[in-house]
Number of protein chains: 2
Amino acid sequence: MAKYQKIPEATIRRLSSYLKCLAELEGKDEKVVSSTQIAEICNVNAAQVRKDFAYFGEFGIRGMGYNVKQLKFNIKEILGINRIWHIAVVGIGNLGSALLVYKDFLKQNYQIVAAFDKDPVTVIGRISERMGKPVEILHVDRLKEVVKARNIEIGIITVPPQEAQKVANLLIDANIKGILNLSPVPVKTPPSVKLRNIFFTSALDSLVYYLSN
Amino acid sequence: MAKYQKIPEATIRRLSSYLKCLAELEGKDEKVVSSTQIAEICNVNAAQVRKDFAYFGEFGIRGMGYNVKQLKFNIKEILGINRIWHIAVVGIGNLGSALLVYKDFLKQNYQIVAAFDKDPVTVIGRISERMGKPVEILHVDRLKEVVKARNIEIGIITVPPQEAQKVANLLIDANIKGILNLSPVPVKTPPSVKLRNIFFTSALDSLVYYLSN
DNA sequence: TATTGTGAATTAATTCACAGCC
DNA sequence: GGCTGTGAATTAATTCACAATA
């Protein structure tokens with residue numbers, strides 16, 4: 001898909017945000033959009049928008065702009081989300097169970113096909129009252145087996161900090177392809193397992209820095 | 001606090017991650033740490049760690065390293081989190097109610113002192129069964145008044161996409177200082193109101209890009 | 001001796017500015 | 001005429017490499 005060059009990680013993140021913008025425009029039945037409009041909505045420079053696309057090809061029409069539907073399709077193809085990815089959530093505490101019912105998250109390209117906890121019985125009791133059995137909660141011992149059986153490619157870690165690396169190791173051992181770590185501590189993976197550590201509080205910390213300075 | 005220069009946003013995010021690392025080391029009773037160790041744990045270059053600190057002062061001892069406790073204190077001071085910040089959560093759906101009980105989040109420097117929804121009665125019924133009245137849920141009409149009364153400086157937006165900008169506008173009108181937007185669409189604020197849009201799925205999208213390529 | 005702190009060198013990302021094209 | 005696509009210019013971030021020093 002990519003032409004030849006190394007693509008900046010920032011470009012990839014922006015592509016994902018352009019996609020949201022395009023989904024909105026599509027909802028408003030807009031057919032065509034210019035780089036200037038996208039830039040305006042996403043708070044970036046218009047040349048940047050064009051350059052981000054240029055890494056992957058020519059998607060626009062000079063003098064006209066971009067076809068919304070087509071551009072959306074192209075970006076999904078670039079990102080690899082023109083299909084459904086199977087996800088497992090490990091750790092069904094507050095955050096984990098929020099994910100299980102987070103519909104916006106499910107709707108597009110991701111499907112949570114398994115949920116694990118080290119104490120499924122307690123957890124099921126706690127969460128079943130507020131959702132109609134969204135997905136069965138399994139004991140974490142079954143992780144490797146189920147990852148294989150259900151073609152799970154991505155694991156989301158939502159366990160307490162002291163368990164995070166252990167769970168990461170289990171996922172790695174289960175031949176997971178990628179890990180999204182939402183626990184409050186960083187985990188390590190070998191180069192073969194792609195990783196994103198998302199620290200919720202980091203965003204707050206950086207916000208607060210700019211509030212204080 | 002900062003010497004003179006403009007500080008890269010990336011530096012601020014890393015400071016927040018060094019802080020996590022230091023908290024862990026402190027928990028293990030480590031007294032001293034080197035830039036190389038921090039770099040190793042946080043997956044960055046050691047010179048980068050030193051340079052990040054250098055923007056703000058000299059915190060280490062040549063030949064020795066950094067005093068864990070002291071460095072932790074210094075970073076908290078730099079980030080402005082050497083005190084408690086009052087937060088409001090707007091939109092008590094799944095994600096919002098997860099925040100209300102997300103203890104790791106509360107523990108350090110942030111305190112959720114108000115929660116708003118446009119239908120508090122329904123919401124209270126839904127969530128009260130799984131938590132012991134963590135914080136009263138108020139009607140969003142009372143936002144401005146309560147923000148003022150409780151010295152709330154930060155608002156977290158966890159409403160559905162079509163409501164996000166409206167809520168942002170309410171917060172802006174209530175003279176909030178900063179907004180953390182966890183809804184799936186970007187919102188806009190005037191320059192006087194600092195903003196972070198956190199798109200959960202963007203992290204997944206970028207992870208998937210690197211899995212596909 | 002070991003490790004910080006930092007100027008210089010390097011690499012990367014962004015923006016400009018305009019040629020190319022519909 | 002208006003907007004894309006892109007080489008060149010600029011700006012920013014990272015890393016190197018070593019002098020300073022506890």
Side-chain angles (χ1 to χ4, degrees), chain A residues 1-18 21-22 25 30-72 74-75 78 206 209-210, chain B residues 1-18 21-22 25 30-72 74-75 78 206 209-210:
Chain A
M1 175 78 347
K3 274 187 199 167
Y4 327 101
Q5 311 118 81
K6 271 85 211 147
I7 313 294
E9 155 99 45
T11 289
I12 302 302
R13 279 201 305 271
R14 282 190 300 265
L15 286 178
S16 172
S17 107
Y18 303 152
C21 157
L22 291 167
L25 292 168
E30 303 281 349
K31 301 300 180 204
V32 175
V33 67
S34 71
S35 59
T36 313
Q37 290 173 275
I38 297 175
E40 163 69 16
I41 299 171
C42 297
N43 262 314
V44 295
N45 180 291
Q48 173 111 260
V49 174
R50 299 196 296 275
K51 182 139 286 187
D52 284 339
F53 297 156
Y55 282 117
F56 301 97
E58 304 195 1
F59 304 117
I61 299 165
R62 293 173 193 222
M64 286 299 267
Y66 303 87
N67 177 300
V68 172
K69 268 197 156 53
Q70 202 170 296
L71 184 58
K72 181 165 166 253
N74 286 326
I75 295 179
I78 291 165
S206 104
Y209 171 78
Y210 290 100
Chain B
M1 176 80 342
K3 273 189 201 167
Y4 328 100
Q5 311 120 81
K6 272 82 211 149
I7 312 295
E9 154 99 44
T11 288
I12 302 302
R13 279 201 305 271
R14 283 191 300 265
L15 287 178
S16 172
S17 108
Y18 302 154
C21 158
L22 291 167
L25 291 169
E30 302 282 347
K31 302 301 181 206
V32 176
V33 67
S34 71
S35 60
T36 313
Q37 289 174 276
I38 296 175
E40 162 69 18
I41 297 171
C42 297
N43 263 315
V44 295
N45 179 291
Q48 176 117 81
V49 174
R50 299 197 296 275
K51 182 139 286 186
D52 284 338
F53 296 156
Y55 282 116
F56 301 96
E58 304 196 0
F59 304 116
I61 300 164
R62 293 174 193 223
M64 286 298 268
Y66 302 87
N67 178 300
V68 171
K69 268 196 156 53
Q70 202 170 295
L71 184 59
K72 181 166 167 253
N74 287 324
I75 295 178
I78 291 165
S206 103
Y209 171 78
Y210 290 101

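Quick note on labels: first sequence line is chain A, next is B, and so on, each numbered from 1.
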**Complete:** When rounded to whole Å, the CG to C1' distance for the pair L71(A) and dC3(D) reads 14 Å
**Complete:** When rounded to whole Å, the CD to P distance for the pair E58(A) and dG7(D) reads 11 Å
**Message:** Please determine whether a side-chain nitrogen or oxygen atom of S35(A) lies at a distance below 4.0 Å from atom OP1 or OP2 of dT4(D).
**Reply:** yes
**Nearest-angstrom distance from the residue atom CZ of F56(B) to C1' of dG5(C)** = 15 Å
**Request:** Report the distance from atom CZ of F59(A) to atom C1' of dG5(D), rounded to the nearest whole Å.
**Result:** 12 Å
**Item:** Below 4.0 Å: OP1/OP2 of dG5(D) and any side-chain N or O of Y66(A)
**Value:** yes
**Asked** Counting only heavy atoms not in E40(A), do more than 12 fall under 6.0 Å of its CD?
**Response** no
**Asked** How many Å lie between CG on N67(A) and P on dT4(D), as a whole number?
**Response** 13 Å
**Asked** Where do C42(B) and Y18(B) come nearest, in terms of heavy atoms and distance?
**Response** SG-CD2, 3.8 Å
**Item:** Check: L15(B) and F53(B) side chains under 4.5 Å, non-hydrogen atoms
**Value:** yes
**Asked** Could you run down nucleotides 13-22 of chain D 5' to 3' and tag each one B, S or - for protein heavy-atom contact under 4.0 Å?
**Response** SSBBB--BBB
**Request:** Test Y210(B) against I12(A) for side-chain contact (heavy atoms from CB on, under 4.5 Å), laying out the working first.
**Result:** CA-CA 9 Å; Y210(B) 290 101; I12(A) 302 302; 3.7 Å; yes
**Item:** Protein-nucleotide distance (F53(B), atom CZ; dT6(C), atom P), rounded to Å
**Value:** 13 Å
**Request:** Taking side-chain hydrogen bond (donor to acceptor under 3.5 Å, both in side chains) as the test, write out the residues that go with K72(A), two or more places apart.
**Result:** E26(A)
**Message:** Around atom CD of E30(A), are there more than 12 heavy atoms from other residues, nucleotides or ligands closer than 6.0 Å?
**Reply:** yes
